[in-house]
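For reference, the structure is listed below as structure tokens.
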Number of protein chains: 2
Amino acid sequence: MILSKTCIYGIQAAIYVAAESEGNYVSISVVAEKLHLSFHFLTKVLQQFTSAGLMTSYRGPKGGIALGRESKDITLYDMIASIDGTELFTECMLGLPGCGHAEPCPAHDHWVEVRQKFTLIAKNLTLQQLAKNATKLNVRLSDSSSVMSAIDFAATERRKR
Amino acid sequence: MILSKTCIYGIQAAIYVAAESEGNYVSISVVAEKLHLSFHFLTKVLQQFTSAGLMTSYRGPKGGIALGRESKDITLYDMIASIDGTELFTECMLGLPGCGHAEPCPAHDHWVEVRQKFTLIAKNLTLQQLAKNATKLNVRLSDSSSVMSAIDFAATERRKR
DNA sequence: TGTATTCCAGATTTCGGTGTCCGAATTCAA
DNA sequence: TTGAATTCGGACACCGAAATCTGGAATACA
């Protein structure tokens with residue numbers, strides 16, 4: 001698993017918020033229900049986004065979460081970094097502490113190619129694009145209630161266990 | 001962590017065997033000592049290599065492990081696949097079960113690029129190359145006893161905990 | 001044949017990621 | 001002012017990966 005489950009849930013929730021809420025606050029319980037996740041667990045996940053500034057939250061009735069800035073200014077890299085950290089983009093494939101340009105591990109040069117490509121993509125892929133793809137996907141699948149057909153499918157799979 | 005620790009230990013051990021043993025059987029206890037790993041644990045890791053045919057083992061005095069075929073015919077992909085499996089090369093970044101060409105997730109196209117590049121590199125990078133880089137590295141660092149300077153360094157870091 | 005050496009197989013423990021739960025703090029509305 | 005709705009923060013349980021331990025089987029050699 002390249003990303004932790006916690007991180008994946010966070011990204012899915014962010015896509016949902018970006019695609020569904022039009023700047024309004026959305027209750028976490030609603031998001032949790034749509035994605036078929038535990039409400040309490042999603043709460044903890046999203047707290048990491050809010051403390052990183054990617055989202056803002058508001059307590060009380062009519063409260064909830066919203067994007068902290070425009071979806072075109074939130075990248076996949078931002079989301080991954082605020083939950084899983086940046087190790088994925090910097091670490092050695094063989095887990096060797098000293099590995100770098102000066103003291104490369106046997107696989108260093110090859111792995112750096114992959115790492116850099118991933119970093120580049122993650123930093124250029126915005127939440128706006130992800131949300132747009134998600135809605136486009138919905139049109140193609142022409143699925144019923146939710147915009148998040150694919151994510152909904154994952155949720156169904158998850159529920160089976 | 002892109003690879004499991006188990007997998008990393010296995011790859012390190014394989015590099016050691018390829019670089020140090022000249023076709024002879026090497027005792028697992030020797031490898032474990034060099035890499036500063038638990039002997040019993042490394043035993044279990046290497047069993048996965050032997051059952052996959054990447055290595056052969058021999059019991060009794062003068063026994064140990066050796067490469068199952070020439071180091072140029074063992075790829076990084078082989079080693080990863082036999083311990084961590086092939087999910088890494090096929091799975092969706094967002095963990096969506098149905099994700100694929102037909103029903104792509106919002107990040108599918110971008111992730112596939114990275115995944116393919118990694119797969120290509122892993123399938124073309126052989127144990128022979130890795131072992132050569134390891135010895136080359138040693139020359140550059142001109143470090144004392146072991147050929148595996150970088151790996152040795154990692155082992156030292158590990159021991160600190 | 002006996003013994004030391006080595007890998008094999010399985011049970012057990014440790015540990016970190018995952019997930020649950022509950023009380024506290026904040027805000028809105030009656 | 002009171003009560004309901006909501007996020008916040010921490011405590012705790014669960015589960016699979018990581019690591020350890022124990023006994024057994026195969027082999028070489030004296």
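Chain A is the first sequence line, chain B the second, and so forth, proteins listed ahead of strands; every chain is numbered from 1.
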| field | Sugar-phosphate only, base, or nothing, as touched by A:Tyr25 at under 4.0 Å among non-hydrogen atoms | value | nothing
| message | Under 4.0 Å, counting only non-hydrogen atoms across every strand here, what does B:Ile28 touch: a base, just sugar-phosphate, or nothing? | response | sugar-phosphate
| Near-ring test A:Tyr77/A:Phe89, centroid separation under 6.0 angstrom | yes
Please tell me if [X] has a side-chain N or O lying less than 4.0 Å from either OP1 or OP2 of [N].
{"X": "B:Ser29", "N": "C:dT6", "answer": "no"}
{"X": "B:Thr6", "N": "D:dA18", "answer": "yes"}
{"X": "B:Ser57", "N": "C:dC8", "answer": "yes"}
{"X": "A:Thr43", "N": "D:dT7", "answer": "no"}

To the nearest Å, give me how far apart [atom1] ([X]) and [atom2] ([N]) are.
{"X": "A:Lys44", "N": "D:dC14", "atom1": "NZ", "atom2": "C1'", "result": "14 Å"}
{"X": "B:Ile65", "N": "C:dC8", "atom1": "CD1", "atom2": "C1'", "result": "14 Å"}
{"X": "A:His36", "N": "C:dG19", "atom1": "NE2", "atom2": "P", "result": "15 Å"}
{"X": "B:Lys62", "N": "D:dC29", "atom1": "NZ", "atom2": "C1'", "result": "10 Å"}
{"X": "B:Gln12", "N": "D:dA18", "atom1": "CD", "atom2": "P", "result": "14 Å"}
{"X": "A:Leu42", "N": "C:dT18", "atom1": "CG", "atom2": "C1'", "result": "14 Å"}
{"X": "B:Glu33", "N": "C:dT5", "atom1": "CD", "atom2": "C1'", "result": "16 Å"}
{"X": "A:Asp84", "N": "C:dG17", "atom1": "CG", "atom2": "C1'", "result": "11 Å"}

| request: Please tell me which of A:Gly60 and A:His40 maps to the more 5' nucleotide of DNA chain C, matching each residue to the nucleotide holding its nearest heavy atom. | output: A:His40
For the side chain of [X], counting heavy atoms from C-beta on, which of [options] is nearest?
{"X": "B:Phe41", "options": "D:dC8, D:dA18, C:dC8", "value": "D:dA18"}
{"X": "B:Lys5", "options": "D:dC8, C:dG19, D:dA18", "value": "D:dA18"}
{"X": "B:Pro61", "options": "C:dT18, C:dA4, C:dC28", "value": "C:dA4"}
{"X": "B:Ser27", "options": "C:dT27, D:dA19, C:dC7", "value": "C:dC7"}
{"X": "B:Thr50", "options": "C:dC8, D:dT27, C:dC22", "value": "C:dC8"}

| task | Output yes when a side-chain donor or acceptor of A:Trp111 lies under 3.5 Å from a complementary backbone atom of A:Leu94, and no otherwise. | result | no
| query | Side chain of A:Asn124, backbone of A:Leu120: donor and acceptor closer than 3.5 Å? | reply | yes
| message | Would the base of C:dT27 count as contacting A:Arg59 through its side chain, where contact means a donor and an acceptor less than 3.5 Å apart? | response | no
| task | Could you tell me whether the side chains of B:Thr75 and B:Asp78 share a donor-acceptor contact shorter than 3.5 Å? | result | yes
| request: Only one of B:Leu37, B:Val17, B:Val45, B:Ile65 passes side chain to side chain contact (heavy atoms under 4.5 Å, CB included) with B:Ile28; say which it is. | output: B:Ile65
| Is the shortest heavy-atom distance from the side chain of A:Ile15 to the side chain of A:Leu127 under 4.5 Å? | yes
| query | Taking for each residue the nucleotide of DNA chain D bearing the nearest heavy atom, is the 5' side occupied by A:Gln47 or by B:Leu3? | reply | A:Gln47
